[in-house]
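Written out below as structure tokens is the structure these notes cover.
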Number of protein chains: 2
Amino acid sequence: MHDFSPEPEDQFVDDERLEKIRDYLSESDLDGLIGFSPANSYYLTGCYAGMYSRPVLGVVTPSESAFVGPRLEERKARRTAWTDRVLTYEDSDNPFEILAAAIPDSAETLGYDAAKAQPSWVESLSAQSNADFVDATDHFYSLRIVKTDWELDKIRRAQDLATAGCEAMFESVRSGKPEIEVVAEVQQAYYDTYLDKHSEFDIGTANELGQYGFASILSGPHGLEPHSLSSSRMIEGGDSVVGIALPSVQGYICEEERTFLVGDVDDEIEEGMEMLVDVREQVIDRVEPGKDVGEIDQWAYEQIKSRGFGDYVQHRTGHGEGITIHEQPALNAQKTGELEPGMVISIEPGLYFHEKGNALRHSDTLIITESGAESVTETNAGVLRVD
Amino acid sequence: MHDFSPEPEDQFVDDERLEKIRDYLSESDLDGLIGFSPANSYYLTGCYAGMYSRPVLGVVTPSESAFVGPRLEERKARRTAWTDRVLTYEDSDNPFEILAAAIPDSAETLGYDAAKAQPSWVESLSAQSNADFVDATDHFYSLRIVKTDWELDKIRRAQDLATAGCEAMFESVRSGKPEIEVVAEVQQAYYDTYLDKHSEFDIGTANELGQYGFASILSGPHGLEPHSLSSSRMIEGGDSVVGIALPSVQGYICEEERTFLVGDVDDEIEEGMEMLVDVREQVIDRVEPGKDVGEIDQWAYEQIKSRGFGDYVQHRTGHGEGITIHEQPALNAQKTGELEPGMVISIEPGLYFHEKGNALRHSDTLIITESGAESVTETNAGVLRVD
């Protein structure tokens with residue numbers, strides 16, 4: 001085992017966050033928070049571990065903070081973790097003994113991210129510790145839902161990459177081109193923008209879809225698989241093409257999506273796109289602090305339905321984003337909850353024509369402000385036509 | 001809810017797998033298997049869902065099989081799932097009611113992937129069902145550890161992409177170039193090879209590191225973070241550069257790693273690389289059915305130690321791979337278990353010089369055969385020097 005004090009580089013330190021977490025703890029009945037998932041341990045420690053099969057832990061109590069992970073993460077922890085301590089283990093160590101050693105004796109009730117933690121890891125840790133472990137999934141949601149200024153800065157930087165990626169789509173989407181070739185152009189735009197503007201940070205993450213910035217181009221019927229990767233499918237006249245730009249900087253993602261109509265498309269698809277552009281603008285205008293998330297989704301759906309396209313809706317209007325692609329709040333008619341300044345959401349009503357083989361979806365990222373919302377997305381959001 | 005019979009395209013159907021799963025079930029005390037994770041539900045159904053925040057399920061019993069997921073996955077399920085049924089839900093549905101509907105009444109004891117399933121999802125499903133849910137994590141490991149011929153075919157196809165990616169590294173790694181620019185070349189080689197040779201399959205996955213094929217170039221001290229992504233760091237003379245190619249075809253990954261010595265490197269690094277190349281060849285020669293995994297790791301470590309480099313080892317000799325990057329078996333001295341034909345493993349002893357800022361690691365992928373092992377990796381595995 002190695003036990004040391006990390007020396008994070010300035011740009012990786014979110015001064016506000018540790019204080020925010022401790023303020024939150026002081027108002028809860030928890031003596032500390034433990035994050036097992038890469039996203040939650042990153043949130044607590046500043047070190048975004050690439051976790052595959054070995055346990056990783058972030059722990060914050062009122063008096064102490066630590067990152068624990070395999071030796072493989074030692075150098076990354078040294079340069080990024082803002083915790084008091086870092087503990088690393090070797091393959092020959094029992095990691096749970098070392099994880100337990102990072103928990104202060106004074107901590108009796110510790111909240112952990114039960115929705116993401118491997119139950120067997122929690123059991124093994126529990127066996128080594130006197131503390132009670134309780135499900136704090138909702139506490140993590142509550143903390144992460146409102147971003148600090150440092151977090152918003154990373155999301156704006158990721159947006160620079162997303163904008164460049166969408167500009168590459170404008171250049172690259174055309175009939176006769178395979179989806180995957182457009183993806184290569186979008187990724188190249190991420191890399192160029194990263195090297196040019198934000199090279200002092202880490203690009204992408206080793207988790208979820210992040211890698212070096214997710215990109216997907218889904219053309220024609222392939223657009224009916226909105227959570228898919230691009231393929232060898234050739235873009236054709238009559239297609240709608242949904243382009244997804246989802247890059248990340250220092251683990252914070254920003255989503256931007258644009259739909260292109262290629263050549264002569266079906267009249268109903270053309271009308272659907274015009275309607276969607278119009279309704280989406282109105283939805284964005286309605287986003288402000290105090291607004292109920294369920295009401296936003298319901299209102300968007302009613303508009304789309306009143307204009308004859310209700311049968312083609314198959315998902316919510318948007319979602320929070322941050323370290324992960326889908327965070328709280330969900331803009332879903334089944335949910336309630338008010339928007340607050342510092343939340344970051346996507347607005348992305350979509351239409352899915354299963355018979356005709358077309359999908360339509362623009363997505364912008366909005367930061368909720370004191371008085372309304374700031375759209376960090378700058379790309380043309382009209383009806384986009386290409387040859 | 002939509003309930004239909006999928007019509008998978010021939011190339012996505014692993015004829016052997018469903019029978020293998022049912023043979024396994026007949027010898028267990030389980031009435032069926034449920035996979036909640038994308039990897040395990042893919043293993044059971046043939047449909048690799050891009051799961052972010054919505055539950056997905058694969059279920060196989062002796063008489064029935066089903067894939068359940070959000071409407072977003074409907075088209076993918078239609079073209080890839082080899083199950084009897086597909087059930088999809090909308091955002092306004094209770095997914096757990098629909099998941100429960102996919103479980104036959106005759107199934108009393110169902111095994112699920114407890115290490116990966118969200119406990120709250122299991123609870124919600126359990127509340128809707130009469131079946132008992134038991135931890136079947138080890139059953140999934142046992143099933144997935146030996147590959148079918150269909151699975152091995154996908155791994156060999158992914159290896160074509162990995163080989164092309166490593167060839168791109170030979171062309172591209174040189175001093176004065178940022179790591180991320182080499183990554184772009186490696187990814188382009190994946191895309192070109194995919195379009196040229198394997199375009200009838202899906203490239204990559206929307207899970208873990210897969211995306212369109214993971215690639216990372218880690219130069220100099222950055223190589224001490226073996227689970228990291230490339231950055232803007234400029235490759236310099238004196239660096240060792242670890243290049244990681246980990247592409248996937250239809251969700252099956254293949255790992256290949258090569259280390260390049262740039263310009264004049266420290267004598268100890270040069271000697272370490274020569275030693276590693278030699279020891280690794282001997283380890284590969286020893287891989288055959290019946291060999292104990294712990295013994296392989298222990299033997300490799302003893303060789304490295306006897307040649308004066310024991311202090312620089314910080315991880316096991318290798319690991320299984322397949323749908324995920326790290327599968328069973330682990331080639332770790334703390335484990336036991338015999339290699340069997342059809343297992344797929346990496347051999348990748350590494351040296352990490354924390355003071356000098358160098359890392360060294362070649363990795364090949366081997367398929368265990370009846371009489372020994374087939375290396376699917378074809379790239380030069382000697383001491384690789386570039387300017």
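We use all heavy atoms of the structure for the numbers below, so side chains are in, but hydrogens, waters and symmetry mates are not. Bear in mind the structure is a predicted one, so any value in this text is a computation, not a measurement.
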Measuring heavy-atom distances to chain A, does [X] have an atom under 4.5 Å in its side chain, in its backbone, in both, or in neither?
X	value
B:Leu195	side chain
B:Glu225	both
B:His222	both
B:Arg233	neither
B:Thr137	neither
B:Glu181	side chain
B:Ala333	neither

Query - Winner by heavy-atom pair count (cut-off under 4.5 Å) against chain B, out of A:Ala117, A:Ala77, A:Ser230, A:Ser216 - result: A:Ser230
Report task. Could you check which of A:Ser231, A:Ser120, A:Gly350 has the highest count of heavy-atom pairs closer than 4.5 Å to chain B? Result -> A:Ser231
Requested in this report: For B:Phe12, enumerate each residue passing the ring pair (Phe, Tyr, Trp, His ring centres under 6.0 Å) test, keeping only those at least two apart in sequence or located in another chain.
Outcome: none
Query raised in the report: If you count heavy-atom pairs under 4.5 Å between each of B:Asp192, B:Val183, B:Val313, B:Asn332 and chain A, which one has the most?
Result: B:Val183
Report task. Sort out for me which of B:His198, B:Glu200, B:Glu327, B:Arg316 touches chain A most, counting heavy-atom pairs under 4.5 Å. Result -> B:Arg316
Query raised in the report: So, for A:Pro119 and B:Pro119, which heavy atoms are closest and what is the spacing to 0.1 Å?
Result: CG-CG, 4.4 Å
Requested in this report: Please name the pair of heavy atoms, one in A:Ile203 and one in B:Leu229, separated by the smallest distance, quoted to 0.1 Å.
Outcome: O-CD1, 3.6 Å
Query raised in the report: Taking everything shown except B:Lys356 itself, do over 12 heavy atoms lie less than 6.0 Å from its NZ?
Result: yes
Query - Within 6.0 angstrom of A:Lys335 NZ, more than 12 heavy atoms from elsewhere - result: no
Kindly indicate whether the side chain of [X], heavy atoms from C-beta on, has any atom under 4.5 Å from the side chain of [Y].
X	Y	result
B:Gln314	A:Leu72	yes
B:Lys76	A:His227	no
A:Arg71	B:His354	yes
B:Gln188	A:Gln188	no

Is it true that a side-chain atom of [X] and a backbone atom of [Y] form a donor plus acceptor pair closer than 3.5 Å?
X	Y	result
A:Tyr212	B:Ala215	yes
A:Arg75	B:Pro221	yes
B:Tyr194	A:Ser232	yes

Query raised in the report: Can you find a side-chain donor-acceptor pair between B:Tyr191 and A:Gln187 that sits under 3.5 Å?
Result: yes
**Report entry** Residues that B:Asn40 engages under side-chain hydrogen bond (donor to acceptor under 3.5 Å, both in side chains), provided they are two or more places apart
**Finding:** B:Ser37, B:Asp113, B:Arg144
